[in-house]
Amino acid sequence: KLLEINPESYTAWNYRKLAVEHYLNLPDCNPDSIKSVLDDELRVVENALRQNFKSYGAWHHRKWVLSKGNSSIDNELRLLDKFQKADSRNFHAWNYRRFIAESMKRSKQDELKYTEDMIYTNFSNYSAWHNRSVLLSALFEKKAEGFLSKEKVLPEEYEFIHQAIFTDPDDQSGWFYHLWLLDQTVTTDSPLLASSWPGHGSDVLLVGDRRYNGSAFSPFSALHSDSGSFPIVLYFNQPVGGVNSSTVTVECGFNKNEDLLWKPLSASNSQTARVWVAHLKVPSSDLHSTVEVSVGHTKGIISTRGFEYSHPSMLSFKVHVQPMERDSSQVSVAESISLREENFKVYGKQSEESIIDSFDQLIIKNGHETTASNWRFEALAKEIECFRELLSLVDCKIGKLTLARLLKAYDAMSYPFANKLVHSEEVLELYSDLMKLDPTHYQFYKDERSIVLLQKVTSSKESLLQHCFQYRDSVSSAIGGPICLRLNNLSLSRMGAFEKLLWVQMLDLSHNELQSIEGLEVMQLLSCLSLRNNKLRSLTALEP
């Protein structure tokens with residue numbers, strides 16, 4: 001009686017469970033009486049759902065009754081049809097439908113057809129679109145017949161969603177499904193190594209003090225180190241675990257691979273991370289040696305989504321050690337660095353050439369070819385054309401956001417081949433428009449725009465050079481002192497493009513609008529950082 005009046009009384013549902021369990025455990029209980037009790041429970045639930053068919057407790061209780069295995073589930077789909085006709089977007093009913101379909105061993109293809117019928121009845125059925133994404137994800141994962149490759153399925157899904165979006169551009173249901181499709185198009189299952197420091201083919205110079213002639217070496221790979229070691233940094237395109245001396249081997253003449261301890265760089269102390277680091281010890285004497293790093297030739301590196309690293313990589317670089325030279329008159333002083341305007345100078349032609357020569361070593365291109373198959377390019381290009389057409393007809397905020405995402409995805413996929421971001425200016429303009437059109441979500445657009453701006457700055461040798469300065473070090477007599485990357489006064493509210501910043505030792509982020517420095521923990525070479533005039537809430541990202 002209580003539950004028919006108020007189905008939200010979860011205490012009453014739990015009390016009924018205890019009473020039913022007690023009855024089912026009686027010694028004289030037989031199959032017929034068990035079925036009678038459980039059928040009675042299903043009737044109570046149905047009456048409660050008629051009162052409120054969005055009741056969490058009622059739907060959960062119905063699952064609990066059926067899990068006992070003594071009730072027929074043949075009637076359940078008929079009951080669900082009634083409720084879904086009354087409210088086709090009731091997510092409780094859709095969750096329950098997945099449970100019933102699994103219990104009945106009903107094929108996911110049949111359920112996919114059901115979602116299609118429900119969507120054609122009402123394009124604004126977010127729950128049906130969501131269920132469709134759940135079903136397709138499961139079919140892709142199991143590589144079911146007809147779903148072995150996304151190449152055939154996803155283009156058809158794009159055509160399907162266009163009907164909903166173009167019918168009512170203001171309805172959000174279709175846009176969310178389109179975002180899921182975009183993620184399926186651009187995301188690779190297997191993790192990839194995106195960048196590293198030292199870069200493949202680079203020459204690393206380690207010096208014991210700052211008085212060295214660095215003219216023969218790139219400022220990307222000249223490193224002051226008095227700790228007797230230097231970091232090897234691996235940057236993956238998604239969080240992974242299992243990075244250790246078995247899955248990553250380091251061959252060199254001065255250190256044993258088994259002595260290396262690989263650590264995930266994460267502010268949350270997680271055992272999975274995009275970026276992993278190990279410190280390679282070097283002798284204190286003069287040294288010229290080659291280091292080879294083999295990644296993933298032994299299985300064990302696994303993404304958080306459960307996919308194995310399946311694109312083994314090999315990195316090779318040279319290490320040169322120049323030990324510290326002191327004379328009796330030299331006094332050790334703590335170096336004071338002042339990032340004032342007058343302390344910087346632009347790089348000369350010789351230094352520019354060393355930067356340009358080293359730029360291509362920063363990003364790993366091996367393996368990217370496998371991710372950028374033709375159908376992905378074609379799908380993205382077709383979507384870009386489609387949404388440009390839509391925006392020529394209607395001024396739609398979510399359409400502009402989707403176009404920005406499509407252009408970013410296309411640039412990210414083509415960058416390893418084109419070495420430039422073709423659409424960055426258009427994307428920046430779209431986010432600027434959105435900041436004006438939709439002030440409620442201003443900060444989100446601002447953050448996204450900041451990341452695109454950083455990707456643009458770091459995308460080419462020419463744009464990077466505009467932000468590279470030489471510090472006029474009063475203590476050092478170096479010809480090739482460290483680069484200071486100056487990203488000040490850019491109105492940045494969020495940091496990004498870290499895979500291209502692993503080499504940075506001096507970084508000026510002053511006079512921006514940063515609220516967080518999350519991500520800076522991956523920049524293991526960073527020794528000088530300016531964060532003046534920002535809006536920081538926390539500095540915990542610096543701990544690692």
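Predicted model only: the values in this text are computed from it and were never measured.
Using a 4.5 Å heavy-atom cutoff, the side chains of Ile483 and Met506 are not in contact. Side chains of Leu464 and Leu485 form a contact here, defined as non-hydrogen atoms less than 4.5 Å apart. Leu437 is listed as a side-chain neighbour of Lys400, based on a closest heavy-atom distance under 4.5 Å. Annotation: side chain of Ile302 is not in contact with side chain of Phe307 (no heavy-atom distance under 4.5 Å). At least one side-chain heavy atom of Thr115 sits under 4.5 Å from a side-chain heavy atom of Trp94.
With hydrogens and angles disregarded, no donor-acceptor distance shorter than 3.5 Å links the side chain of Asn533 to the backbone of Ser510. Of the possible polar contacts, one joining the Glu521 side chain to the Gly519 backbone as a donor-acceptor pair under 3.5 Å is found. Between the side chain of Ser88 and the main chain of Lys85, no donor-acceptor pair closer than 3.5 Å is present. The backbone N or O of Ser310 sits less than 3.5 Å from a side-chain atom of Ser190, completing a donor-acceptor pair. Although no hydrogens or angles enter the test, the distance criterion places no donor-acceptor pair under 3.5 Å between the side chain of Ser270 and the main chain of Ser266.
Judged by a 6.0 Å distance limit and a 45° cone about the ring axis, Arg494 is not positioned over the six-membered ring of Phe444. Both the sub-6.0 Å distance and the 45° axial angle are satisfied by Lys150 relative to the ring of Phe140. Both tests pass for Arg486 against the ring of Phe469: distance under 6.0 Å to the centre and angle within 45° of the axis.
To the nearest 0.5 angstrom, Glu383 atom CD is 10.5 Å from Leu154 atom CG. With rounding to the nearest 0.5 angstrom, the CD atom of Glu308 is 9.5 Å from the CD1 atom of Ile301.
In this structure, Arg62 and Leu42 approach most closely via the heavy-atom pair NH1-O, 2.9 Å. Closest of all the heavy-atom pairs between Gln238 and Arg274 is C-CG, 3.7 Å.
Ring centers of Phe123 and Phe160: at least 6.0 Å apart, outside the cut-off. Close placement of the Phe387 and His178 rings is indicated, their centers lying within 6.0 Å of each other. For Phe83 and Trp59, the ring centers are positioned less than 6.0 Å apart. You'll find the ring centres of Tyr410 and His423 inside the 6.0 Å limit. Ring to ring, Phe236 and Tyr309 are close: their centroids are under 6.0 angstrom apart.
Applying the side-chain contact (heavy atoms from CB on, under 4.5 Å) test between Glu111 and each of Arg132, Arg106, Glu116 identifies Arg106 as the sole match.
Sparse packing is recorded around CD of Glu429, with 12 or fewer heavy atoms of other residues, nucleotides or ligands lying under 6.0 Å away.
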Start with the C-alpha distance between Ser127 and Gln84, add both sets of side-chain angles, then the distance that settles side-chain contact (heavy atoms from CB on, under 4.5 Å), and finish with yes or no.
-> CA-CA 11 Å; Ser127 294; Gln84 290 185 305; over 6 Å; no
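Ion pairing between Glu4 and Arg50 fails under the 4.0 Å rule for side-chain N and carboxylate O.
By the 30° and 60° cut-offs, the orientation of the rings of Trp129 relative to Tyr177 is tilted.
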